[in-house]
Amino acid sequence: MKQFCTLLLLLPLVFGSCDKDDDTRIETWTVASEKGVAGIFMGFGHVPAYIVKTGPNAGWEISTAHIEGFTFEKGYQTEMLVRIEPIPNPPADGPGYRYTMEKPISRTPMQSNVDPLQFSPEFEVTIASRRADSPATSGYWIKDMRYPDPRWEPFPWEIEGFDFKPGFEARIRIRPVAEYDDAKGDYEVKYHQTELISSKEKASEGLPE
């Protein structure tokens, strides 16, 4: 009987890894003093994102996590303890974990010691010969050339440095960059042309009406 009771006491330890609560952990995060960008839809559409280290010996990486209890300030590098816990039955398009600042460790005014452009990769696109101006969309019709069978998609953002010419189909390289807007007191993503590969007079085919 005593052996049976001992076994019952040990069962939670043996099978504890099946409990989702065991996935909760606390990590030491460092958040850089500048932001990078992260893609949110097929490479199109980017948002400002934290540049973080998730441990003392980890490398810098991009993170779209919302850290509850933490307020980012440009120009300040922050080290903190972050509690990471699973969200039961998360929606298909939602995060699987909740991130909470458990304890601040340090907040240091400094220039970022990581280049934010490292997390703003360039990519190649084709821009159609007419713009996607309509009540529903504005901007450009664009193909993301990273995909094997790219299709025309509306791209409702301006591309700085790109000189659009009606009737000309262009192929360019662009880079999304998180830039700080003093008036808004926050970051926004802007797209910049980094290279004009080609521009030829041509009516783009297969454009949506």
Side-chain angles (χ1 to χ4, degrees), residues 31-32 34-52 59-67 72 74 87 89-97 99 112 114-209:
V31 180
E34 296 283 353
K35 286 188 177 183
V37 299
I40 57 175
F41 174 68
M42 291 183 63
F44 288 161
H46 292 78
V47 293
Y50 299 134
I51 302 172
V52 304
W60 292 104
E61 60 186 75
I62 205 75
S63 173
T64 57
H66 169 69
I67 307 173
F72 177 89
K74 173 181 166 60
I87 297 174
N89 304 313
D93 58 347
Y97 289 86
Y99 300 81
S112 180
V114 57
D115 182 3
L117 292 183
Q118 176 183 344
F119 302 97
S120 301
E122 298 179 7
F123 57 99
E124 191 173 312
V125 298
T126 297
I127 298 179
S129 56
R130 67 172 171 86
R131 297 193 64 140
D133 292 326
S134 72
T137 62
S138 62
Y140 309 99
W141 289 113
I142 198 169
K143 286 182 179 180
D144 187 339
M145 305 311 294
R146 293 173 294 181
Y147 296 93
D149 184 24
R151 299 184 180 183
W152 295 115
E153 300 283 350
F155 189 84
W157 301 277
E158 285 301 319
I159 301 173
E160 298 189 12
F162 173 60
D163 183 17
F164 176 79
K165 295 179 180 179
F168 284 76
E169 187 174 280
R171 193 156 177 169
I172 68 173
R173 292 183 66 81
I174 63 175
R175 167 177 273 165
V177 179
E179 298 183 3
Y180 190 77
D181 187 322
D182 288 313
K184 296 179 180 178
D186 203 356
Y187 286 81
E188 62 180 352
V189 173
K190 293 187 177 181
Y191 294 86
H192 297 261
Q193 174 185 300
T194 59
E195 181 185 356
L196 174 62
I197 299 171
S198 65
S199 178
K200 57 185 177 181
E201 191 170 6
K202 174 184 177 183
S204 298
E205 299 176 355
L207 288 174
E209 295 298 330

Hey, are the side chains of [X] and [Y] touching, using non-hydrogen atoms and a 4.5 Å cut-off?
{"X": "Asp115", "Y": "Trp60", "answer": "no"}
{"X": "Pro48", "Y": "Val189", "answer": "yes"}
{"X": "Arg175", "Y": "Leu117", "answer": "yes"}
{"X": "Ile51", "Y": "Val31", "answer": "no"}
{"X": "Asp144", "Y": "Glu153", "answer": "no"}
{"X": "Glu160", "Y": "Lys190", "answer": "yes"}
{"X": "Tyr50", "Y": "Thr64", "answer": "no"}

Worksheet item: Going by the angle between their ring planes, with limits at 30° and 60°, are Tyr99 and Tyr97 parallel, tilted or perpendicular?
Response: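 Taking Tyr97 first and then Tyr99, their aromatic rings sit tilted (interplane angle of 30° to 60°).
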Spatial distance of atom [atom1] ([X]) from atom [atom2] ([Y]) [nearest 0.5 Å]:
{"X": "Ile62", "Y": "Phe119", "atom1": "CD1", "atom2": "CZ", "value": "6.0 Å"}
{"X": "Ile172", "Y": "Ile127", "atom1": "CD1", "atom2": "CD1", "value": "3.5 Å"}
{"X": "Phe123", "Y": "Tyr147", "atom1": "CZ", "atom2": "OH", "value": "9.0 Å"}
{"X": "Tyr191", "Y": "Ile159", "atom1": "OH", "atom2": "CD1", "value": "9.0 Å"}

Worksheet item: Please walk me through it: do Lys143 and Val125 pass side-chain contact (heavy atoms from CB on, under 4.5 Å)?
Response: CA-CA 5 Å; Lys143 286 182 179 180; Val125 298; over 6 Å; no
Discussion item. Using the salt bridge (Lys or Arg N to Asp or Glu O under 4.0 Å) criterion, which residues pair with Arg171? Sequence neighbours excluded.
Written reply: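 Counting only residues at least two positions away or on another chain, Arg171 forms a salt bridge (Lys or Arg N to Asp or Glu O under 4.0 Å) with Glu124.
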Worksheet item: Quick one: salt bridge (Lys or Arg N to Asp or Glu O under 4.0 Å) partners of Lys165, sequence neighbours excluded?
Response: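 Per chain and number, Lys165 pairs via salt bridge (Lys or Arg N to Asp or Glu O under 4.0 Å) with no residue.
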Discussion item. Set out, in order, the CA-CA distance, both residues' side-chain angles and the distance that settles side-chain contact (heavy atoms from CB on, under 4.5 Å) for Phe168 and Asp163, then state yes or no.
Written reply: CA-CA 11 Å; Phe168 284 76; Asp163 183 17; over 6 Å; no
Practice prompt. With sequence neighbours left out, write down each residue that passes ring-ring contact (aromatic ring centres under 6.0 Å, His included) with Phe162, or none if nothing qualifies.
Written response: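 Listed in chain order: Tyr140.
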Those residues that, when tested against [X], pass side chain to side chain donor-acceptor pair (under 3.5 Å) (two or more places apart):
{"X": "Ser112", "answer": "none"}
{"X": "Tyr187", "answer": "Glu34"}
{"X": "Arg130", "answer": "none"}

Practice prompt. Please confirm whether the backbone N or O of Arg173 pairs with a side-chain atom of Thr194, one donor and one acceptor, at under 3.5 Å?
Written response: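 The answer is yes, because a donor-acceptor pair under 3.5 Å joins these two groups.
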Worksheet item: Is it true that a side-chain atom of Arg131 and a backbone atom of Gly139 form a donor plus acceptor pair closer than 3.5 Å?
Response: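 Yes; at least one donor-acceptor contact below 3.5 Å.
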May I have the list of side-chain donor-acceptor pairs in residues 176-183 shorter than 3.5 Å, sequence neighbours left out?
from, atom 1, to, atom 2, distance (Å)
Glu179, OE2, His192, NE2, 2.6
Asp181, OD1, Ala183, N, 2.9
Asp181, OD1, Lys184, N, 3.2

Fill in: Sequence-distant partners of Ser204, side chain to side chain contact (heavy atoms under 4.5 Å, CB included), two or more places apart
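Ala128, Ser129, Trp152, Glu169, Leu207.
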Worksheet item: Is Lys35 close enough and on-axis enough to Phe72, meaning under 6.0 Å and within 45°, for cation-pi?
Response: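 Verdict for Phe72: a cation-pi partner in Lys35.
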